[in-house]
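Since the structure comes first, as structure tokens, the remarks are kept for the end.
Hydrogens, waters and symmetry mates are skipped; everything else that's a heavy atom, side chains included, is used.
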Amino acid sequence: MRPLLLGCIAVTAALLVGMSIIMGERGSHATGGRGTPPVEYRVTGAGASSVTTDCMMPGGGMVWKEGRPLPVSDHQWAVPGERLYQWAMFRGDGTITCEILVEGEPIITKTAEGEEPSVVCDAETSEFDGPVEQSLREALALSFSKQSVTRQNPYLQALASSGLDPV
């Protein structure tokens with residue numbers, strides 16, 4: 001019974017650590033906290049030196065900024081279930097690209113060109129599923145490799161058989 005309890009405690013601790021790394025601290029355009037925020041809104045372009053952007057913040061608020069020098073890079077914390085949205089445009093002829101990255105990986109990229117181009121990046125919240133599931137898989141794998149008795153835990157067995165088989 002004691003090894004099973006220790007295994008459950010180890011898995012719980014690993015899951016909490018993994019989720020805290022993924023979720024980070026929430027804030028508006030946070031640059032503080034631990035490391036680099038997992039969401040980056042990026043705008044690049046050719047044909048103009050500045051852009052206007054509108055970006056969704058945690059909790060659903062929007063931030064409008066005009067005359068921003070290119071390239072633009074805004075960072076923030078977000079959690080699964082939040083909508084990721086960015087709009088950008090500039091006056092004149094040229095090309096503009098918006099991109100939303102989660103943990104350094106682009107999840108959506110859109111480009112527009114022509115007279116006064118504007119572009120919208122709108123990401124589905126399911127884009128966060130990969131990092132969360134990966135963290136859970138790694139926590140299960142660690143627990144199963146270090147505490148073989150955890151394989152007898154019905155909750156962890158159900159979790160592993162639900163598609164979160166350890167890596």
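Scanning both residues, Phe90 and Ala48, for their nearest heavy atoms gives CD1-CB, 3.1 Å. Closest heavy-atom contact between Gln76 and Met56: OE1-O, 3.3 Å. In terms of heavy atoms, Ile108 sits closest to Asp122 at CD1-O, 3.5 Å.
The structure places OH of Tyr41 at 10.5 Å from SG of Cys98, a figure rounded to the nearest 0.5 Å. Annotation: the span from Ile100 atom CD1 to Cys55 atom SG amounts to 7.5 Å, rounded to 0.5 Å. If you take CG on Asp74 and NZ on Lys65, they are separated by 5.0 Å, rounding to the nearest 0.5 Å.
For Ser50, the side chain to side chain contact (heavy atoms under 4.5 Å, CB included) test picks out no residue, with sequence neighbours left out. The side chain to side chain contact (heavy atoms under 4.5 Å, CB included) check on Pro106 picks up Glu99, Leu101, Thr109, with sequence neighbours excluded. Shown here are the side-chain hydrogen bond (donor to acceptor under 3.5 Å, both in side chains) partners of Thr111, two or more places apart in sequence or in another chain: Thr97. For Ala112, the side chain to side chain contact (heavy atoms under 4.5 Å, CB included) partners are Ile96, Pro117, Val119, not counting sequence neighbours. The side-chain hydrogen bond (donor to acceptor under 3.5 Å, both in side chains) test applied to Ser49 returns no partner, not counting sequence neighbours.
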| request: List the steps, then state whether side-chain hydrogen bond (donor to acceptor under 3.5 Å, both in side chains) holds for Gln86 with Thr53. | output: CA-CA 7 Å; Gln86 177 175 312; Thr53 62; over 6 Å; no
| task | Decide yes or no on side-chain contact (heavy atoms from CB on, under 4.5 Å) for Trp87 and Ser118, but give the supporting numbers first. | result | CA-CA 7 Å; Trp87 169 85; Ser118 69; 3.7 Å; yes
| field | Intermediate values then yes/no, side-chain contact (heavy atoms from CB on, under 4.5 Å), Thr95 and Thr44 | value | CA-CA 8 Å; Thr95 302; Thr44 57; over 6 Å; no
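In this structure, the side chains of Val39 and Leu84 come closer than 4.5 Å at one or more pairs of heavy atoms.
Sorted by first then second residue, the salt bridge (Lys or Arg N to Asp or Glu O under 4.0 Å) pairs that include residues 110-121, not counting sequence neighbours, are Arg91-Glu116.
Cluster membership check: Val120 shares its hydrophobic cluster with Met62, using side-chain heavy-atom separations under 4.5 Å among Ile, Leu, Val, Met, Phe, Trp and Tyr. Side-chain heavy atoms closer than 4.5 Å link hydrophobic residues (I, L, V, M, F, W, Y) into clusters, and following such links, even through other members, never connects Tyr85 to Val72. Grouping the Ile, Leu, Val, Met, Phe, Trp and Tyr side chains by contacts below 4.5 angstrom, directly or via other members, places Val43 apart from Val63.
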